Amino acid sequence: MAKDPTRTAKKLALFAVAMFGFGFALVPIYEVVCEATGIGGRTGVISQSEAEADQVDAERLVTVEFDTNVDSALPWAFKAAEFNMKVHPGEMAEAVFVVENRSDKPVIGKAVPSVAPPIASKFFDKTECFCFTEQRLEAGERKEMIVRFVVGSQLPEDILIMTLSYRFFQVPDNADVAISDTKAVKTKI
Amino acid sequence: MNDAAVHDDHHDHDHKPTGIGRWLFSTNHKDIGTMYLVFSLFMFFVGGAMALVIRAELFQPGMQFVDPQFFNSMTTVHALVMIFGALMPAGVGLANWMIPIMIGAPDMAMPRMNNMSFWILPFAFTLLLSTFFMPGGAPAGGWTMYPPLVLQLGDGFPFLIFAVHFLGISSIMGAINIIATVFNMRAPGMTFMRLPLFVWTWIITAFLLIASMPVLAGAVTMLLTDKFFGTAFFDAAGGGDPLLFQHVFWFFGHPEVYILVLPSFGIISQIIPTFARKPLFGYASMVYATASIAFLSFFVWAHHMFAVGMPLTGELFFMYATMAIAVPTGVKIFNWTATMWKGSMTFETPMLFSIGVLFMFSIGGFSGLMMGITPVDFQYHDTYFIVAHFHYVIVPGIIYGVIAGVYYWLPKWTGVMYDEKLGKLHFWLSTISVNVLFFPMHFIGLAGMPRRIPDYSTQFADWNAIISIGGFVFGLSQLILVWVVIKCARGDGEKATDQVWESAHGLEFTLPSPPPFHSFTTPPVVTDATAHS
Ligand code: HEM
Ligand SMILES: [Cu+2]
């Protein structure tokens with residue numbers, strides 16, 4: 001038999017290795033798809049001047065609901081001061097959240113935001129947010145925090161309601177470490 | 001050809017090794033095939049025992065026998081054991097035994113790799129099952145290993161990951177071996193379009209394996225680094241996304257279901273023509289349909305994720321793609337039916353099991369189609385309806401196919417006919433009980449009973465009791481198969497002829513029963529007249 005099974009096997013093994021690589025390549029591919037479609041509900045960050053440049057659409061009102069969650073490892077209570085608010089697209093708005101450390105130790109947490117429905121997240125931008133930085137709360141401390149945001153005037157007409165959701169995670173290691181020394185948490189806000 | 005076979009018979013006495021070394025160091029495709037099949041049968045009972053723990057707990061509402069954590073381990077490990085320990089090794093075992101003697105090759109292309117890919121399996125399952133004795137227990141977050149839940153597993157976590165790695169490596173090696181064998185070692189005249197369908201389905205399965213298994217390996221590697229090395233692929237706190245895992249997992253997971261089922265399709269494509277005494281209807285369309293199913297299976301993965309919140313276009317795309325798979329599947333069902341049409345059918349056990357596949361796989365296919373409709377899947381998702389779906393396609397769809405193949409080729413392997421009475425008893429007991437077991441799951445699923453929960457609302461009590469009875473009867477019926485196999489292995493039965501079945505075709509039936517240890521050392525010549533279909 002003139003044919004060589006070992007050659008076939010080597011090619012196939014190479015293919016298998018390539019597919020292993022493809023598994024990892026799915027990570028950046030997923031990023032790109034999320035960027036394009038809003039899957040994952042990631043919100044944008046813009047500057048004050050960019051926010052002011054948007055046209056306010058006084059004709060329309062959209063409801064923004066607030067949803068708050070705390071990771072089970074984090075001994076905090078966290079909620080929005082108001083459960084929802086109505087905003088005009090293009091208008092700058094400010095919402096207040098309250099967080100409280102219910103443990104007897106200082107703890108550092110970090111909030112991760114997301115917006116639903118995914119398509120709305122592409123029009124949701126923040127100029128200022130407590131989620132931009134890690135939050136350190138002393139034992140028993142209670143704190144009010146704000147987020148300033150704009151729902152872009154280009155928001156599709158059929159979206160009347162959207163949810164801004166936050167989840168607070170404990171920052172790895174512990175609160176004894178100053179914020180500047182903590183292992184930088186990769187952020188995509 | 002017979003000359004060659006007889007000639008081999010002489011060789012036989014010189015070359016068959018003896019003792020435990022025969023099995024440990026075996027490079028003989030028949031011995032390795034046997035080991036795979038025996039291993040698979042053993043794991044079938046290990047996984048089956050776990051299923052019976054589940055059914056015992058669910059016999060009545062309330063908590064009876066096990067604590068919830070252990071219950072969750074049972075559902076999780078049952079699935080892993082059945083998929084990777086029973087179904088896949090059964091398919092690879094049959095491939096090992098049959099492919100070389102179906103294509104007229106003396107052995108598999110890489111005999112040593114073949115040995116390794118088998119012996120990895122018991123090792124990997126030792127890793128997996130040892131987690132039962134570790135702090136934190138065995139995996140309990142579901143066979144799909146979704147983060148963040150799976151990351152909460154205790155000391156067993158790295159064992160789970162490495163077990164999956166090894167199982168993946170084993171099956172990739174098996175797949176490479178199969179393709180290398182079929183591509184390079186066919187007998188003269190055995191062209192691709194003369195290959196028996198079982199060989200065709202295995203080539204396609206092997207490509208699916210090589211394309212999808214490494215992706216699973218990648219996904220679980222990311223789980224491992226997330227847990228131990230501070231990466232955040234799936235960790236929202238670190239900027240990752242747990243949903244990403246689901247996408248990567250199902251990119252593997254859906255092709256995987258076809259990896260499991262295609263060999264079963266191949267087996268019944270061998271059996272139905274034999275007992276209908278007609279050539280397979282639409283051979284070429286069978287090959288193309290199988291290839292299209294395999295191709296399409298890479299574009300439907302998100303039908304497992306309709307409920308996670310995808311954009312509408314995504315939901316629609318995956319809905320239509322899922323529906324599209326039903327078309328080539330329908331072609332196959334049509335061809336099998338047409339093969340039987342006006343055939344002179346007899347209903348020996350392998351034929352009964354094959355017809356069982358045809359009917360009951362279709363039931364599972366239909367519920368699959370229902371779940372493929374995005375808006376209604378929101379009702380079915382994560383209920384017993386989906387449990388009914390995949391058990392219909394897997395148990396009477398895949399396991400029946402494997403059992404049919406075992407009955408069909410057992411006389412070839414052992415040289416003696418199995419006990420037909422026991423075979424029929426096995427079939428009828430299994431078929432009645434499998435429907436008592438799985439059909440009512442559709443009802444309780446539609447009524448809202450969630451899957452993977454050890455307790456349930458009392459409204460589901462009656463059906464659950466009936467299901468559990470079906471489960472125990474089905475489980476115990478499988479002991480008949482063990483008895484049948486043992487009887488044949490001991491040579492207790494009528495002597496089988498070379499052809500075994502009145503109208504069986506194919507190279508394997510030109511060899512003596514049992515075939516000599518080394519067969520086709522001189523390749524046979526295949527012509528249209530001797531080709532299988
Ligand atoms: C016409 C063919 C099929 C269609 C349209 C189909 C469709 C589906 C859909 C839509 C789901 C997701 C249900 C949900 O989570 O709500 C599903 C789940 C599943 N299917 Fe199928 N399916 C088909 C064939 C098969 C076959 C042949 C197998 C196995 C060999 C299979 C095995 C599974 C498994 C194991 C699951 C559950 C996975 C899990 O969540 O644990 N399906 N199927
Ligand atoms: Cu699927």
Side-chain angles (χ1 to χ4, degrees), chain A residues 1-31 33-34 36-42 69 71-74 109-114 116-119 121-122 167-172 183-189, chain B residues 105-106 108-110 113 148 152 168-169 172-173 175-188 206-207 209-222 230-241 243-245 247-249 251-252 308-314 523:
Chain A
M1 221 160 297
K3 294 178 174 172
D4 181 4
T6 321
R7 258 180 74 94
T8 317
K10 278 188 185 144
K11 279 189 210 155
L12 292 169
L14 218 64
F15 178 42
V17 172
M19 287 310 290
F20 184 68
F22 177 74
F24 286 88
L26 283 174
V27 179
I29 292 173
Y30 183 71
E31 289 288 307
V33 174
C34 285
T37 60
I39 305 178
R42 287 169 195 163
N69 304 280
D71 192 58
S72 55
L74 190 65
K110 175 110 181 47
V112 176
S114 71
I119 188 75
S121 71
K122 293 169 71 178
R167 188 176 181 86
F168 251 111
F169 291 93
Q170 176 149 29
V171 170
K183 192 164 69 175
V185 179
K186 224 172 46 179
T187 43
K188 237 175 269 120
I189 20 181
Chain B
M108 295 294 281
M110 324 255 152
M113 187 161 92
Q152 294 174 10
I169 290 172
I172 289 169
M173 294 199 313
I176 290 179
N177 210 344
I178 286 165
I179 297 179
T181 306
V182 180
F183 278 23
N184 299 293
M185 298 179 61
R186 293 181 322 266
F207 274 109
L209 263 171
I210 299 173
S212 69
M213 263 306 161
V215 178
L216 174 69
V220 297
T221 306
M222 290 185 244
T231 58
F233 290 109
F234 310 127
D235 179 7
D241 188 345
L243 261 190
L244 171 61
F245 179 85
H247 282 287
V248 184
F249 179 87
F251 183 85
F252 145 83
V308 302
M310 262 189 291
L312 184 62
T313 39

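Small disclaimer: the values here were computed from a predicted structure and weren't measured.
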Quiz prompt | B:F251 versus chain A, the contacting section by heavy-atom distance below 4.5 Å | solution = side chain
Quiz item: Among B:P311, B:G314, B:G168, who wins on heavy-atom pairs under 4.5 Å with chain A?
Solution: B:P311
Quiz item: Among all residues two or more places apart in sequence or in another chain, which pass the ring-ring contact (aromatic ring centres under 6.0 Å, His included) test with A:F20?
Solution: A:F24
Quiz prompt | B:T181, part contacting chain A, at a heavy-atom distance under 4.5 Å | solution = neither
Quiz item: At their closest point, which heavy atom of A:V171 faces which heavy atom of A:K110, and how far apart are they?
Solution: CG2-CB, 3.8 Å
Practice problem: Go through the structure and list residues passing side-chain contact (heavy atoms from CB on, under 4.5 Å) with A:A73, not counting sequence neighbours. | Solution: A:D71, A:Q170
Self-check item: Side-chain donor/acceptor of B:N177 to backbone N/O of B:M110, under 3.5 Å
Solution: yes
Quiz prompt | From A:L26 atom CG to B:F233 atom CZ, the distance as rounded to the nearest 0.5 Å | solution = 11.5 Å
Quiz prompt | Which atoms of B:I172 approach chain A - backbone, side chain, both or neither, heavy atom under 4.5 Å | solution = side chain
Quiz item: In terms of heavy-atom pairs under 4.5 Å, which option from B:A206, B:A180, B:A211 contacts chain A the most?
Solution: B:A211
Quiz prompt | Closest non-hydrogen atom pair, B:M173 against B:M113 | solution = O-CE, 3.3 Å
Self-check item: Option that, when pairs with chain B are counted at under 4.5 Å, heavy atom only, ranks first among A:A16, A:C34, A:P118, A:P117
Solution: A:A16
Quiz prompt | Contacting moiety of B:A219, where chain A heavy atoms sit under 4.5 Å | solution = neither
Quiz item: According to the interplanar angle, ranging from 0 to 90°, do the rings of B:H247 and A:Y30 count as parallel (below 30°), tilted (30 to 60°) or perpendicular (above 60°)?
Solution: tilted
Quiz item: In terms of heavy-atom proximity below 4.5 Å to chain B, should A:A116 be classed as side chain, backbone, both, or neither?
Solution: neither
Quiz item: Highest number of heavy-atom pairs under 4.5 Å with chain A: which of B:P214, B:A109, B:A175?
Solution: B:P214
Quiz prompt | Side chain / backbone / both / neither for A:I119 at chain B, heavy atoms under 4.5 Å | solution = neither
